Amino acid sequence: MSQTVDRALSILPLLAEGPADLGQVADRLDVHKSTALRLLRTLHEHGLVYRQSDQRYRLGARLIALAQEAMENLDIREIAHPHLVRLNEQCGHTVHLAVYEESEVLYIDKVESRYPVRMYSRIGKPVAITVAAVAKLLLADLPEGERRALSDKLDYPMYTSRSTPNAPAFLRELDKVREQGWATDLGGHEESINCVAAPIRGADGRVVAAMSVSAPNVVVTAEELLTLLPLVRRTADAISGEYSGRTPVKDSR
């Protein structure tokens, strides 16, 4: 039974890449077409996949609705969003909110910049975990044993010359972030994009989410972006206070 469930769930990431036919699904799962068809029929009955007129399968509306419902029930997103919007209004740059789940850091909210240049990031999409500023904050807060275990499992792609090259360097960066209480990504994922981030903490002081401001260097330099760090930290503190119930709801401006 567990193998059947595992196979069925493995179909969903495949279809997230785009529609696929029965043969493609069977090949990805390394099973006979009859097995793949049974799994697809079950997912179809529950509305998790949909068979198109060309006989290819795509993700179903029910799955999308469930994902949206889950996103809406993430309290931190609901609480943080008005603050993110106000921060965006003040600085004009792209603002992200991210959380750590199942060994991944995911964006759960985004407010677009006011200028034509757009960042290729999407709500629900995992971030580049070894370089993203929000990821550094979330992982730096993990117990030391978890940090070390995770760092050993990660790959360290060199997106740019400024990317984190290996586990020792990553752990040193997390120690630095943990001590200073904020993080940056200055061209580590994309040469032209810089980012500053601050943590959002729960009532116990642990980091429950991280928020960031990002901008291309054709709009502002890294040095100019870093001048926004006090504002970013104040916004994160305001969200932390509201989320934890330590402070009354107030404008983060």
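As a basis for the values below, the full set of heavy atoms in this structure was taken, side chains included, without hydrogen atoms, waters or symmetry mates. Owing to the predicted nature of the structure, the values given are computational and were not obtained by experimental measurement.
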Residues 152-159, side-chain donor-acceptor partners within the protein, below 3.5 Å, at least two apart:
residue, atom, partner, partner atom, Å
Tyr156, OH, Ser151, O, 2.7

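Judged purely by atom type and a 3.5 angstrom limit, Thr35 has no side-chain atom pairing as donor or acceptor with the backbone of Val31. Formation of a donor-acceptor pair under 3.5 Å by the Thr160 side chain with backbone atoms of Glu191 is not found in this model. Within the 3.5 Å criterion, the main-chain N or O of Ala169 finds a donor-acceptor partner in the side chain of Asn166. Put simply, the side chain of Ser163 gets close to the backbone of Gly188: a donor and an acceptor are under 3.5 Å apart. Gln24 contributes a side-chain N or O that, together with a main-chain N or O of Asp21, makes up a donor-acceptor pair within less than 3.5 Å. Without hydrogens or angle criteria, Thr164 side chain to Thr130 main chain gives a donor-acceptor distance under 3.5 Å. In this structure, Glu146 contributes its side chain and Pro143 its backbone to no donor-acceptor pair below 3.5 Å. Between the Thr221 side chain and the Asn217 main chain, no donor and acceptor come within less than 3.5 Å of each other. Counting only distance, with no hydrogens or angles, the side chain of Asn88 and the backbone of Glu112 share a donor-acceptor pair below 3.5 Å.
Leu106 has its side chain out of reach of Lys125: every pair of non-hydrogen atoms, C-beta onward, lies at least 4.5 Å apart. No side-chain heavy atom of Arg56 sits under 4.5 Å from any side-chain heavy atom of Arg51. Considering only heavy atoms from C-beta on, His96 comes within 4.5 Å of Thr94 through its side chain. Counting heavy atoms from C-beta outward, Val99 and Val208 have side chains that stay 4.5 Å or more apart. For the pair Leu39/Leu29, a side-chain contact is recorded, criterion being any heavy-atom separation below 4.5 Å from C-beta on. Side-chain contact between Trp182 and Val196 is absent, with no heavy atoms from C-beta onward closer than 4.5 Å. Looking only at side-chain heavy atoms (C-beta outward), Asp175 and Arg147 come within less than 4.5 Å of each other. Taking the side chain as every heavy atom from C-beta outward, Tyr100 and Asp141 never approach each other to under 4.5 Å.
Here CG of Leu231 is found 12.5 Å from CZ of Arg233. Values are rounded to the nearest 0.5 Å. Ser212 OG to Lys110 NZ: the interatomic distance, rounded to the nearest 0.5 Å, is 10.5 Å. Note that CG of Leu139 and CG of Leu174 are 6.0 Å apart. Values are rounded to the nearest 0.5 Å. Rounded to the nearest 0.5 angstrom, Ile123 CD1 and Leu97 CG are separated by 9.5 Å. Note: Leu229 CG to Arg234 CZ = 10.0 Å, rounded to the nearest 0.5 Å. Here the CZ atom belonging to Arg77 is positioned 15.0 Å from the OH atom belonging to Tyr107, to the nearest 0.5 angstrom.
Cluster membership for Met211 and Leu186, using ILVMFWY side-chain heavy atoms within less than 4.5 angstrom, is not shared. Taken together through direct or relayed side-chain contacts under 4.5 Å among Ile, Leu, Val, Met, Phe, Trp and Tyr, Val219 and Leu87 form part of one hydrophobic cluster. In terms of hydrophobic clustering, with Ile, Leu, Val, Met, Phe, Trp and Tyr side chains grouped at heavy-atom distances under 4.5 Å, Ile200 and Val177 are assigned to different clusters. Tyr50 and Leu12 fall into different hydrophobic clusters, where Ile, Leu, Val, Met, Phe, Trp and Tyr side chains are chained together by heavy-atom contacts under 4.5 Å.
Nearest heavy-atom pair across Leu66 and Leu48 is CD1-CD2, 4.2 Å. Among all heavy-atom pairs drawn from Ser214 and His93, the shortest one is O-CB, 3.4 Å. Smallest separation of non-hydrogen atoms from Pro82 and Ile79: CD-O, 3.3 Å. Nearest heavy atom pair, residue Arg58 against residue Pro19, reads CB-CG, 4.3 Å. Between Ala36 and Val25 the shortest heavy-atom distance is CB-CG1, 4.1 Å. Nearest heavy-atom pair across Leu15 and Ala20 is CD2-CB, 3.8 Å.
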Using the side-chain contact (heavy atoms from CB on, under 4.5 Å) rule, take Val213 and Cys195 through it: C-alpha gap first, then chi angles, then the decisive distance, then the call. CA-CA 6 Å; Val213 169; Cys195 176; over 6 Å; no
For side-chain contact (heavy atoms from CB on, under 4.5 Å), just list the numbers for Thr184 and Asn194, CA-CA rounded to whole Å, side-chain angles, deciding distance to a tenth of an Å, and then say yes or no. CA-CA 8 Å; Thr184 63; Asn194 298 307; over 6 Å; no
Apply side-chain contact (heavy atoms from CB on, under 4.5 Å) to residues Lys136 and Lys176 and explain how you reach the verdict. CA-CA 10 Å; Lys136 294 174 187 178; Lys176 174 184 173 183; over 6 Å; no
Can you check side-chain contact (heavy atoms from CB on, under 4.5 Å) on Ile193 and Asp185, steps first, answer last? CA-CA 8 Å; Ile193 302 293; Asp185 169 16; 6.0 Å; no
Evaluate the criterion salt bridge (charged side-chain N to carboxylate O under 4.0 Å, His left out) for residue pair Arg28 and Glu17; output intermediate values, then yes/no. CA-CA 12 Å; Arg28 176 65 70 90; Glu17 299 170 10; 3.4 Å; yes
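Counting heavy-atom neighbours within 6.0 Å of Gln180 CD, excluding the residue itself, gives a total above 12. For Arg62, the CZ atom counts as loosely surrounded, since its 6.0 Å shell holds 12 or fewer non-hydrogen atoms of other residues, nucleotides or ligands.
Judged as a salt bridge (Lys or Arg N to Asp or Glu O under 4.0 Å), and not counting sequence neighbours, Arg7 has no contacts.
Between Arg148 and Glu144 there is a salt bridge, with a side-chain nitrogen of the basic residue lying less than 4.0 Å from a carboxylate oxygen of the acidic one.
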